[in-house]
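In what follows, residues are counted from 1 in the order of the sequence shown.
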Amino acid sequence: MLIPHDTRIALDTVVDLMNTAPESEPPPPDGTGDGPEDGLADIPALYAFAERHHISGVGTLGEKDLAAVRDVRDRFAEVFAAPDPRTAADLVNRLVAAAGTTPQLTDHDGYDWHVHYFAPDASIADHLAADCGMALAFIIVAGEQERLRRCEAPDCGHAFVDLSRNRSRRYCSSRTCGNRLHVAAYRARRKEAAG
């Protein structure tokens, strides 16, 4: 599946945003502690997220921005969980419309021409809803909604976009979740064969 650079960046941003939600984190293995923390627990975390994803024109952020971005994060989770393309499309349409999109061609920071969907001076939540919502729209339009997934590791739940050629990716990371489950299965088979 050929995905333009700006769409790929937006998809990575959606995934990272969704994975800041406490429910996307596994509980502590020993059952201690307060459980998973929200990766957007406060304003400094929101600034860090914006910086990590090079979100321009952020300005001064407050509690209202934090609540709005968390709401957008929840809407993206609904898109990933949508049972069919029509439901996913309806969710994306509402999200993008509420953001007040204003498509504009731009070529900045050494990148060739691409489209920004957020309106000038948009809030960070509207910026994310517009640009990332349109990236999800392109996936749905391409008939590839099944690529919007959650990790199948029982103790994970992270979101990811399966960009494998044959749509066979099952884990958010083959190096962590996938490898951990393969090792556990191997050990179980060895124990069964030895017993």
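The neighbour count for Asp121 CG, taken as heavy atoms of other residues, nucleotides or ligands under 6.0 Å away, does not exceed 12.
Considering all non-hydrogen atoms of both residues, Phe138 and Thr7 come closest at CD1-OG1, 3.9 Å. Closest non-hydrogen pair, Phe160 versus Val15, comes out as CA-CG2, 3.8 Å. Pairing each heavy atom of Ala119 with each of Gly100, the nearest pair is CB-O, 3.5 Å. Closest of all the heavy-atom pairs between Ile3 and Arg8 is CG2-N, 3.6 Å. Closest approach of Ala82 to Gln145, counting heavy atoms only: O-NE2, 3.0 Å. The two atoms that bring Val72 and Ala125 nearest to each other are CG2-O, 3.7 Å, heavy atoms only.
Placement of Val141 and Val79 in two distinct hydrophobic clusters is found when ILVMFWY residues are connected by side-chain heavy-atom separations under 4.5 Å, directly or transitively.
Judged by distance alone, the side chain of Asp162 and the main-chain N or O of Arg169 form a donor-acceptor pair under 3.5 Å. Here the side chain of Arg147 pairs a donor or acceptor atom with the backbone of Ser164 at under 3.5 angstrom. Under a 3.5 Å cut-off, the side chain of Asp90 and the backbone N or O of Thr87 do not form any donor-acceptor pair. Looking at Arg150, its side chain does come within 3.5 Å of a backbone N or O of Gly157 through a donor-acceptor pair.
Taking NE2 of His158 as the reference point, atom CG of Asn19 lies at 4.5 Å (rounded to 0.5 Å).
Remark: Asp71 engages Arg75 in a salt bridge, criterion side-chain N to carboxylate O under 4.0 Å.
In this structure the side chain of Phe80 reaches within 4.5 angstrom of the side chain of Val161, judged on heavy atoms.
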